Number of protein chains: 2
Amino acid sequence: MPALERRSLLQELTLRGVRITDQRRILLETIQESDRHLDAATLLALARRRDRQINRATVYRTIELLKKLRLIEELDLVNVNGGKHYLEAKTTVDRLRLACFKCGRIEDFTSPLLERWKAEISRLRGFQIQIVRLEVGGWCSKCSGGKDRNGSSDEAL
Amino acid sequence: MPALERRSLLQELTLRGVRITDQRRILLETIQESDRHLDAATLLALARRRDRQINRATVYRTIELLKKLRLIEELDLVNVNGGKHYLEAKTTVDRLRLACFKCGRIEDFTSPLLERWKAEISRLRGFQIQIVRLEVGGWCSKCSGGKDRNGSSDEAL
DNA sequence: TTAAATGCAAATCGTTTGCATCTGT
DNA sequence: ACAGATGCAAACGATTTGCATTTAA
């Protein structure tokens, strides 16, 4: 496990000799300070609060850069909100996302099972895992009330 | 576990009182006979071999219908091939997809851990699981050769 | 008969690209 | 100085929509 957990995105980029521009600095900070589940359009909007000039293309190019360096993760969130992808700074431990089809809330879930699973996959398949994306869709505890049964609705999703 | 595994998509729709059109019949068969990992454009192309008239809009509307009824699953495959989503008829057992960033191949992986995990999530979070989407990106055994180490490339993804 | 499904074409949404200009190192 | 980053606007690919017409039940 590489030790890139405590450094900021900015530090990571600097360390890797990547050129730091004002725009990148702002985007990195915005991602890091965000409350997670940021899509590209929101990132652009937030970044523009700090620098009105920042361009959409720069946002996408920075996202691509950070993906390549594996400093951020990209989520699809079982397509709850259409085609867009969501970003977040990579953390030490992999997490599973629970997306509620009714209220749209995203919960995180971590489990020691996950590490065992990754090991099992690597061992059995010889697969070098770079990205793990685990997404569950359904009804959260609030929205399922306490009695609703599974799989009977034509409404959800 | 509901017993909707052995019926065809057509039977499922009929059973639920959904109107069956020629186009739907063709689309359902195409999905079912396909070798998996079908995107909307491919589905349209394949369906058109049977009926040159089938329209793109109908394809998307049918996909949406089947998603709502939870008869198909939609995958993003860690975005390996850009924005499109992939479809497949739902099967009894949930599977994890291993997408190779180098050769693009998709492998399936099943594990008894998965069922335990789902149970754990339901129990601990009170979450009613409708969809499980598990995607792993990395290098398959062929592409990782046998010695390539993890996380050192700026190339992949 | 009629609510629902289709075809068509245009619109929309997220993302990418070519190119001239600017900037970090 | 110059490779690399940016802004802009246009292009792109996937998906959605409005509306007039057709069709399954």
Side-chain angles (χ1 to χ4, degrees), chain A residues 9-11 13-28 30 37-48 50-69 72 74-87 154 157, chain B residues 9-28 30-31 37-48 50-69 72 74-87 154 157:
Chain A
L9 292 174
L10 182 63
Q11 288 173 316
L13 289 197
T14 308
L15 211 68
R16 300 181 193 205
V18 173
R19 183 181 295 189
I20 304 300
T21 62
D22 291 351
Q23 293 89 330
R24 284 187 177 163
R25 205 186 317 271
I26 289 171
L27 289 170
L28 299 178
T30 306
H37 310 127
L38 214 50
D39 61 288
T42 309
L43 174 56
L44 175 61
L46 291 177
R48 273 190 170 152
R50 305 196 186 190
D51 176 353
R52 183 137 299 280
Q53 286 301 90
I54 286 187
N55 191 268
R56 190 184 291 103
T58 302
V59 169
Y60 280 105
R61 289 193 271 235
T62 303
I63 289 171
E64 213 204 321
L65 172 71
L66 295 173
K67 278 200 305 189
K68 273 202 185 123
L69 296 175
I72 61 172
E74 194 177 35
L75 314 175
D76 184 73
L77 297 181
V78 279
N79 209 21
V80 256
N81 284 310
K84 46 188 157 187
H85 285 134
Y86 294 85
L87 313 169
D154 292 354
L157 184 60
Chain B
L9 292 173
L10 182 63
Q11 287 173 315
E12 276 300 328
L13 289 198
T14 308
L15 211 68
R16 301 183 193 202
V18 173
R19 183 181 295 187
I20 303 299
T21 63
D22 291 349
Q23 293 89 331
R24 284 186 176 165
R25 205 186 318 271
I26 289 171
L27 289 170
L28 299 177
T30 306
I31 291 172
H37 309 126
L38 213 49
D39 62 288
T42 309
L43 174 55
L44 175 61
L46 292 177
R48 273 190 171 152
R50 305 194 185 191
D51 177 353
R52 181 135 301 278
Q53 286 303 90
I54 287 186
N55 191 269
R56 190 183 290 105
T58 303
V59 170
Y60 281 105
R61 289 192 272 236
T62 303
I63 288 172
E64 212 204 322
L65 172 71
L66 295 173
K67 278 201 305 188
K68 272 200 186 127
L69 296 175
I72 60 172
E74 194 177 29
L75 313 174
D76 183 74
L77 296 181
V78 280
N79 208 22
V80 256
N81 284 310
K84 46 190 157 185
H85 285 135
Y86 294 85
L87 312 169
D154 292 354
L157 185 60

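None of these values were measured; they are calculated from a predicted model. Order of the sequence lines fixes the chain letters, A, B, ..., with proteins taken first and strands second; residue numbering starts at 1 for each chain.
Considering only side-chain N and O atoms, B:Gln23 lies under 4.0 angstrom from the phosphate OP1 or OP2 of C:dG7.
Of the two residues near DNA chain C, B:Arg48 and B:Arg24, the one whose nearest nucleotide lies more 5' is B:Arg24. Heavy-atom nearest nucleotides on DNA chain D were determined for B:Ala40 and for B:Arg19, and the one closer to the 5' end corresponds to B:Ala40.
In this structure, the nucleotide among C:dT6, C:dG14, C:dG24 sitting nearest to the side chain of A:Lys84 is C:dG14.
Following rounding to the nearest Å, A:His85 (NE2) and C:dG14 (C1') show an atom-to-atom distance of 10 Å. Remark: P of C:dT15 and CG of A:Leu44 are 12 Å apart, rounded to the nearest angstrom. A:Glu64 has its CD atom 11 Å from the C1' atom of C:dT17, to the nearest Å. The CG-C1' distance, from B:Asn81 to C:dT15, rounds to 15 Å in whole Å. Between the CG atom of A:Asp76 and the P atom of C:dC13 there is a distance of 18 Å, rounded to whole Å. Note: CG (B:Asp51) to C1' (C:dA5) measures 14 Å, nearest angstrom. Put simply, CG on B:Leu65 is 12 Å from C1' on C:dA4, counting in whole angstrom units. A:Asn79 has its CG atom 12 Å from the P atom of C:dG14, to the nearest Å.
The local environment of CZ in B:Arg56 is sparse, with at most 12 non-hydrogen atoms from other residues, nucleotides or ligands closer than 6.0 Å.
Of all non-hydrogen atoms in B:Ala40 and B:Ile63, the two that sit nearest each other are CB-CD1, 3.9 Å. Residues A:Leu77 and A:His37 come closest through the heavy atom pair CD1-CD2, 4.3 Å. Residues A:Ala47 and A:Ile54 approach most closely at CB-CD1, 4.0 Å, considering heavy atoms. Nearest heavy-atom pair, B:Arg48 versus B:Asn55, reported as atom, atom and distance to 0.1 Å: NH2-CA, 4.2 Å.
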Requested in this report: Show your reasoning for whether side-chain contact (heavy atoms from CB on, under 4.5 Å) applies to A:Leu69 and A:Val18.
Outcome: CA-CA 10 Å; A:Leu69 296 175; A:Val18 173; 4.2 Å; yes

Report task. Go through the steps for B:Leu44 and B:Thr58 under the test side-chain contact (heavy atoms from CB on, under 4.5 Å), then give the verdict. Result -> CA-CA 9 Å; B:Leu44 175 61; B:Thr58 303; over 6 Å; no

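Of the residues in residues 55-63 of chain A, those lying under 4.0 Å from DNA chain D by heavy-atom distance are A:Asn55, A:Ala57, A:Thr58, A:Arg61.
Running 5' to 3' along DNA chain D, contacts with non-hydrogen atoms of chain A at under 4.0 Å begin and end at D:dA3 to D:dC8.
Within 4.0 Å (heavy atoms only), A:Ala41 reaches no atom of the nucleic acid at all.
To the nearest 0.5 Å, atom CG of residue A:Leu13 and atom CD1 of residue A:Ile20 are 4.5 Å apart. The structure places OG1 of B:Thr30 at 11.5 Å from CG of B:Leu87, a figure rounded to the nearest 0.5 Å.
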